[in-house]
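First the structure, in the form of structure tokens, and then the observations on it.
Because only heavy atoms are used, hydrogens play no part in the values below, and waters and symmetry mates are left out as well, while side chains stay in. Everything quoted here is computed from the prediction, not taken from an experiment. Reminder, nothing fancy here: chain letters follow the sequence lines and each chain counts from 1.
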Number of protein chains: 2
Amino acid sequence: MIHIKEVAKQTDISVRTLRYYDQIGLLTAPAKTEGGHRLYTEEELKRLQYIHFLKGMGYSLKEIKKMLSDPNWNWRDSLNNQLACILEEQQRLKRMESSLRELIHGIVVEGGDEQAAVQKLIQLSQQYKKRSPSLEQSIFSKRERELLARVPKMNGEDPDTMEWIALLGQLKQHMKDGPDSPKVQSIVRRMLEKQAEEFEDENEFIDKLWEVRKSPQQSELLGLYPIEQELLDFMEQAYEAHMVLLQGRLGGKGEYRES
Amino acid sequence: MIHIKEVAKQTDISVRTLRYYDQIGLLTAPAKTEGGHRLYTEEELKRLQYIHFLKGMGYSLKEIKKMLSDPNWNWRDSLNNQLACILEEQQRLKRMESSLRELIHGIVVEGGDEQAAVQKLIQLSQQYKKRSPSLEQSIFSKRERELLARVPKMNGEDPDTMEWIALLGQLKQHMKDGPDSPKVQSIVRRMLEKQAEEFEDENEFIDKLWEVRKSPQQSELLGLYPIEQELLDFMEQAYEAHMVLLQGRLGGKGEYRES
DNA sequence: TATACAAAATGACGTAACGTCACTTTCAAG
DNA sequence: CTTGAAAGTGACGTTACGTCATTTTGTATA
């Protein structure tokens, strides 16, 4: 006969828990001293491990009690059911993770204004419910829709996505310097460079994507993080300034190759 | 001014919940009618969506209240922290999933005896805590330890693992027929075939693995699902019977190639 | 054997985020 | 003015124990 504290020590389950299990009839002490102290046997140790394991699988104490008392319990269905629940919960956590990453990155882009970032995310998720693939199909070809999947979505954890977010955030910070300031121009150069790396020779696609980007409404419909109008306009100005500088340099050297 | 039911309808949050939020001071109604009916404004709708979103991220109402009331809240740290929690929870669910699959498969192997399957899993998980890589290193070479990782672990969901489990279960079912019954022999043939497919030309490794397999203790130490002695012995008998039959057939045709 | 002290027992309250009664009061239309 | 719907408040139930407070029991020592 084993005292309650010994059971607790061996199974690493608290004394309180053991008393509770006794109370709800999940694991009753098979004997008591005259004074009423609980006494257990090896049998209870086993059953306790069993219970502990099942609890670890996510079952509630009530369910476990039912399982252990019913000799005809359908284990196959029950376990498969539990597995399905767990897989569903995993999906839920994945979605949460994705949203959190989006929010974290969003705050960087919004320059630390978490209010704005949350608002945009809420907009986005509401839009997402009623989004139909019609817009996507009307604008982009099949090949281009494949490319679309590779556009950073603000919720990635890869270094590539990270840099895009950082660049956007930097751009916002330096809006006050004007579109042709050296800092802004260096950011734009880097953006074009990355764009070229990822989507080389897909100029038509890039142009279309930019057209969509320039409309916050359309961006939302495509599930893209909505960039505010001001920043978009600034990017376009910076881009044009970049082109002018480029032409100037090339013109000075007597060459011209861009259309 | 919007009535409580209208707010509930628009946000899809129950009236009870709104009253509760009012009660705990998370979303207080800015006005009331003479009779005490709550009246809300658009402002509260926004705040409510905000709250709902944060709750979806896994924050408790108490935390949300703190976040929304503190204008100097450190969002970056808080969000990253939450993300870390979610990733941890994902790990936990993955482990649960793995154990559940192991148990479901184990019951098949044990011929429906879930008691035995659970017992073995508990043994295995306890062993796992104090397992050191010493045994693994002493028996297997580096190359062979790589192969070891490919041995089905009872918790996979791939068709390959599934078949191994099914074969083991079938073998157990047909133990009563004797090791040289046609059914058993067909199972053994299939097992050898699969073994050859996965580990062709790794005979030395296969032999070592079998040696380990034949000792339930060593199997446990390696984290392999412990197959009961009886079944192991039967497998060996069936294997030997297979070899005898093979030699008989080859011998009859005047050929001999096995060592 | 009396005493002291550890360990056990019991009972009660608290936790999170509401759902679900039960009962009363208010609102708005006819 | 009545009436039925909607709103209000209050209380209990839920899960799986942790954490007191208080009392009783077991056991070792003087």
Side-chain angles (χ1 to χ4, degrees), chain A residues 1-41 44 47-68 82 85-86 89 92 96, chain B residues 1-41 44 47-68 82 85-86 89 92 96:
Chain A
M1 289 303 201
I2 315 164
H3 279 264
I4 196 169
K5 197 179 187 186
E6 188 55 28
V7 177
K9 212 184 288 176
Q10 283 188 34
T11 58
D12 208 38
I13 288 169
S14 78
V15 172
R16 173 66 173 100
T17 299
L18 289 172
R19 279 200 279 259
Y20 179 64
Y21 287 175
D22 195 350
Q23 186 185 328
I24 65 172
L26 179 58
L27 185 80
T28 49
K32 291 197 173 187
T33 66
E34 316 163 34
H37 285 197
R38 279 168 254 261
L39 294 172
Y40 296 89
T41 71
E44 277 69 44
R47 187 177 166 95
L48 192 51
Q49 289 181 326
Y50 213 113
I51 291 168
H52 191 63
F53 176 81
L54 257 23
K55 211 164 78 71
M57 295 297 97
Y59 287 105
S60 74
L61 296 186
K62 205 181 280 184
E63 287 168 319
I64 294 174
K65 196 178 167 188
K66 232 184 296 174
M67 292 166 150
L68 296 187
Q82 188 66 15
C85 288
I86 285 177
E89 183 70 5
R92 205 176 66 89
M96 285 168 68
Chain B
M1 289 305 204
I2 315 165
H3 278 263
I4 197 170
K5 198 179 186 186
E6 187 56 29
V7 176
K9 212 183 288 176
Q10 283 189 33
T11 58
D12 209 39
I13 289 169
S14 79
V15 171
R16 173 68 173 98
T17 299
L18 289 173
R19 279 200 279 258
Y20 179 65
Y21 287 175
D22 196 350
Q23 186 185 327
I24 64 173
L26 179 58
L27 184 81
T28 49
K32 289 195 173 188
T33 67
E34 313 163 35
H37 285 198
R38 280 168 252 263
L39 294 172
Y40 296 88
T41 70
E44 276 70 42
R47 187 177 166 98
L48 191 51
Q49 288 181 326
Y50 214 113
I51 292 168
H52 191 63
F53 175 82
L54 257 22
K55 211 165 78 72
M57 295 299 94
Y59 288 104
S60 74
L61 298 187
K62 206 181 278 185
E63 287 168 318
I64 294 173
K65 195 177 165 186
K66 233 184 294 172
M67 291 167 152
L68 296 187
Q82 188 65 14
C85 288
I86 285 178
E89 182 69 6
R92 205 176 65 91
M96 286 167 69

| query | Is the side chain of B:E63 donor-acceptor paired with the backbone N or O of B:S60 at a distance under 3.5 Å, no angle test? | reply |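 Indeed, once roles are kept as given, a pair shorter than 3.5 Å links the two residues.
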Do the side-chain N or O atoms of [X] get closer than 4.0 angstrom to the phosphate oxygens (OP1, OP2) of [N]?
X	N	value
B:K55	C:dC18	yes
A:Y21	D:dC17	yes
B:T33	C:dT26	no
B:T17	C:dG19	yes
A:R38	D:dT25	no

| request: Could you pick out which residue, A:H3 or A:L61, lies toward the 5' side of DNA chain D when each is mapped onto its nearest nucleotide? | output: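 Per heavy-atom nearest nucleotide, the more 5' residue is A:L61.
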Between [N] ([atom2]) and [X] ([atom1]): distance, integer Å:
X	N	atom1	atom2	answer
B:H37	D:dA7	NE2	C1'	4 Å
B:K5	C:dA28	NZ	P	14 Å
B:R19	D:dA6	CZ	P	13 Å
A:K65	D:dA16	NZ	P	12 Å
B:K62	C:dA16	NZ	P	4 Å
A:D22	C:dG11	CG	C1'	15 Å
B:E63	C:dA17	CD	C1'	14 Å
B:L18	C:dA17	CG	P	15 Å

| said: With nearest nucleotide decided by heavy atoms, which residue, A:G36 or B:Y20, maps closer to the 5′ end of DNA chain C? | reply: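 Nearest nucleotide further toward 5': that of A:G36.
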| Rounded distance (nearest 0.5 Å) linking atom CG of A:L54 with atom CE of A:M57 |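 Those atoms lie 8.0 Å apart.
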| query | Taking atom CG of A:D22 and atom CZ of A:R38, what is their separation to the nearest 0.5 Å? | reply |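 One finds 4.5 Å between CG of A:D22 and CZ of A:R38.
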| Evaluation steps, salt bridge (Lys or Arg N to Asp or Glu O under 4.0 Å), between A:R92 and A:E89 | CA-CA 5 Å; A:R92 205 176 66 89; A:E89 183 70 5; 3.0 Å; yes
| query | Side chains of A:R47 and A:I51: does their closest heavy-atom pair fall under 4.5 Å? | reply |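 In short, these two side chains touch, coming nearer than 4.5 Å.
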| field | Nearest-neighbour nucleotide for the B:I4 side chain, D:dA7, D:dG18, C:dA8 considered | value |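 Nearest nucleotide to the side chain: D:dA7.
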| message | Can you tell me which nucleotide in D:dA16, C:dG19, C:dC18 comes closest to the side chain of B:S14? | response |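 Ranking D:dA16, C:dG19, C:dC18 by closest atom to the B:S14 side chain puts C:dG19 first.
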